[in-house]
Amino acid sequence: MLQKLFKKDTKDFAQELLGMYLIHESPEGKTIGKIVETEAYLWNDPAAHSFRGKTMRNSPMFGKPGTAYVYFTYGMHYCFNVVTANVGIGEAVLIRALEPIEGIELMKKRRKREDLYNLCNGPAKLVQAMGISKEHNTHFLLHKPLYLEERKKEMFSIVKKTRIGISLAKNKLFRFYIKGNDFVSFPV
DNA sequence: GGAACGATTGAT
DNA sequence: TCAATCGTTCCT
């Protein structure tokens, strides 16, 4: 069922991802986070890496839906995306925040921080807490060790806001998060 | 070959 | 509010 979701409209899929679980079974241990905040990046979107066409860096965005796009930025951070749409289109969903569910001690160790609310409340923070690295770039996200999982359906409202940290297409309401969740990066 | 700039974070 | 820090992209 997730297979089909990957090809859905990216803005819809970004919202479908809310409440899903991201699981990493690493050699250090298992960590699980519930996705609570996402952003959609579209093929005709000036803010998207794919906007000016395929390059060495953004090529995973043009690959199979459901693959991971992990990119390096600001000289020191990595961000994690789920590729969507069909092959050759160039769309993805940035995962911006997780609610820590399992492996919290390992997350604290990796983050070198104790505060539960500061472990996964940002795209580069959750990458660090989950032990995601550039090695996971192009990894298919239904396969171990890093994969998505749908669990029990829960009821929540979705807040739609403008995206964080971009300089173009600032007016688009392509950022989504679970209303009232305490683990969102910028709950505004 | 060179310059400008990030889908950020943490400290001041 | 600002520095850290470097790969990618784009211009010359």
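The figures that follow rest on heavy atoms only: side chains count, while hydrogens, waters and symmetry mates do not. Lettering of chains follows the sequences in order, A, B, ..., and the numbering in each one begins at 1.
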Integer-rounded Å distance: B:dA11 P and A:Lys112 NZ
13 Å

Both distances below 3.5 Å, Watson-Crick or wobble geometry, any strand: find the nucleotide opposite C:dT5.
none

Identity of whatever pairs with B:dA7 - Watson-Crick or G-U, under 3.5 angstrom
none

5' to 3', nucleotides 2-10 of chain B under a 4.0 Å protein heavy-atom cut-off (B base, S sugar-phosphate only, - none) gives ----BBBSS

Does the structure place the NZ or CZ of A:Lys64 under 6.0 Å from the centre of the six-membered ring of A:Phe140, at an angle of no more than 45° from the ring's axis?
yes

Salt bridge (Lys or Arg N to Asp or Glu O under 4.0 Å), paired with A:Asp45, selected from A:Arg163, A:Lys172, A:Arg52, A:Lys11:
A:Arg163

Should A:Ile164 and A:Glu39 be marked as a side-chain contact (heavy atoms from CB on, under 4.5 Å) after you check the CA-CA gap, both sets of side-chain angles, and the distance that decides it?
CA-CA 9 Å; A:Ile164 306 287; A:Glu39 284 180 357; 3.7 Å; yes

Are the charged groups of A:Glu154 and A:Lys34 less than 4.0 angstrom apart, N to O?
yes

For A:Tyr117 and A:Phe183, I'd like to know if the aromatic rings sit close, meaning centre-to-centre distance below 6.0 Å.
yes

